[in-house]
Amino acid sequence: MERVTKLASERPVVIFSKTTCCMCHTIKTLFCDFGVNPAVHELDEMPGGREIEQALRRAGCPTLPAVFIGGENVGGSNEVMSLHLSRSLIPMLKNAGALWV
């Protein structure tokens with residue numbers, strides 16, 4: 001879990017993903033379209049990725065993508081899209097220092 005915490009706080013937005021996951025791709029695209037430059041950890045390409053995925057599950061992230069904003073777990077694709085639709089995502093990104101506009 002310590003490795004997850006360290007990785008999750010390395011940038012204002014951190015996404016734990018898999019290269020074969022279509023919802024992971026969707027969320028990465030959403031953030032890039034906003035002009036956010038997230039740290040993306042492709043767990044299927046990382047040494048120890050399986051262990052990180054298991055640690056994320058134990059920490060309350062049952063699915064990928066697992067999105068962290070400002071070091072805090074905001075959830076997966078459903079939660080991110082809900083934040084976006086409720087107009088809460090952009091202010092959260094600004095507060096975390098991921099957006100300057």
Side-chain angles (χ1 to χ4, degrees):
M1 187 61 204
E2 183 179 318
R3 185 172 179 199
V4 170
T5 303
K6 182 180 178 184
L7 291 172
S9 60
E10 70 183 359
R11 280 209 197 138
V13 177
V14 177
I15 302 171
F16 292 94
S17 173
K18 283 191 174 177
T19 58
T20 57
C21 170
C22 63
M23 291 311 295
C24 295
H25 175 75
T26 300
I27 295 301
K28 291 182 284 190
T29 301
L30 176 71
F31 283 113
C32 289
D33 286 350
F34 287 153
V36 172
N37 186 20
V40 177
H41 298 285
E42 301 291 1
L43 299 181
D44 55 340
E45 294 183 341
M46 291 176 63
R50 179 169 284 234
E51 291 77 17
I52 293 171
E53 187 174 359
Q54 291 170 349
L56 286 165
R57 280 197 192 110
R58 287 190 299 271
C61 302
T63 62
L64 294 176
V67 179
F68 289 76
I69 298 175
E72 298 295 320
N73 175 15
V74 296
S77 56
N78 288 342
E79 292 79 11
V80 170
M81 292 309 293
S82 293
L83 288 167
H84 178 47
L85 293 172
S86 68
R87 301 182 188 269
S88 302
L89 184 58
I90 296 293
M92 187 181 287
L93 293 169
K94 287 179 181 177
N95 289 339
L99 283 178
W100 296 275
V101 178

Task: Test item: E72 side-chain N/O and I69 main-chain N/O as donor-acceptor pair under 3.5 Å - done: no

TODO: Output yes when a side-chain donor or acceptor of R3 lies under 3.5 Å from a complementary backbone atom of I52, and no otherwise.
DONE: no

Open item on the list: Is there a side-chain contact between N73 and C61 in this structure, where contact means two heavy atoms from C-beta onward sitting under 4.5 Å apart?
Closed with: yes

TODO: Carefully, step by step, assess N78 and T63 under the rule side-chain contact (heavy atoms from CB on, under 4.5 Å).
DONE: CA-CA 10 Å; N78 288 342; T63 62; over 6 Å; no

- [ ] Using the rule that two of Ile, Leu, Val, Met, Phe, Trp, Tyr join whenever any of their side-chain heavy atoms come within less than 4.5 Å, decide whether L30 and L83 are in one cluster.
- [x] yes

Task: Gap between atom OG1 of T5 and atom CD of E2 - 0.5 Å precision - done: 7.5 Å

Open item on the list: Would you say that L89 contacts M81 through its side chain, given a criterion of any heavy-atom pair below 4.5 Å between the two side chains?
Closed with: no

Open item on the list: Testing the basics here: between V4 and A55, what is the closest heavy-atom pair and its distance to 0.1 Å?
Closed with: CG2-CB, 3.8 Å

Task: Nearest heavy-atom neighbours spanning P38 and C32 - done: CD-SG, 4.4 Å

Task: Close side-chain approach of F68 and L7, heavy atoms under 4.5 Å - done: no

Open item on the list: Could you see if F34 belongs to whatever hydrophobic cluster contains V80? Use Ile, Leu, Val, Met, Phe, Trp, Tyr and a side-chain cutoff under 4.5 Å.
Closed with: yes

Open item on the list: Closer than 3.5 angstrom, by distance alone: can the side chain of D44 be matched with the main-chain N or O of T19 as a donor-acceptor pair?
Closed with: yes

- [ ] For residues E10 and A39, report the shortest heavy-atom separation together with the two atoms involved.
- [x] OE2-CB, 3.3 Å

Open item on the list: Please give me the minimum heavy-atom distance between E79 and G76, naming the atom from each residue.
Closed with: OE1-N, 2.8 Å

TODO: Grab the two heavy atoms, one from S17 and one from V40, that are nearest each other, plus how far apart they are.
DONE: CB-CG1, 4.2 Å

Open item on the list: Restricting to non-hydrogen atoms, name the atom on A98 and the atom on V13 that form the minimum distance, rounded to 0.1 Å.
Closed with: CB-CG2, 3.7 Å

Task: Euclidean distance, E42 CD relative to C21 SG, rounded to 0.5 Å - done: 9.0 Å

Task: Cluster check V67, I90: I/L/V/M/F/W/Y, side chain < 4.5 angstrom - done: yes

- [ ] Identify whether the distance between the nearest side-chain nitrogen and carboxylate oxygen of E53 and R57 falls below 4.0 Å.
- [x] yes

Task: Point-to-point distance, once rounded to the nearest 0.5 Å, from CZ of F31 to OG1 of T26 - done: 12.0 Å

Task: hydrophobic_cluster_shared for L99 and V74, side chain cutoff 4.5 Å - done: yes

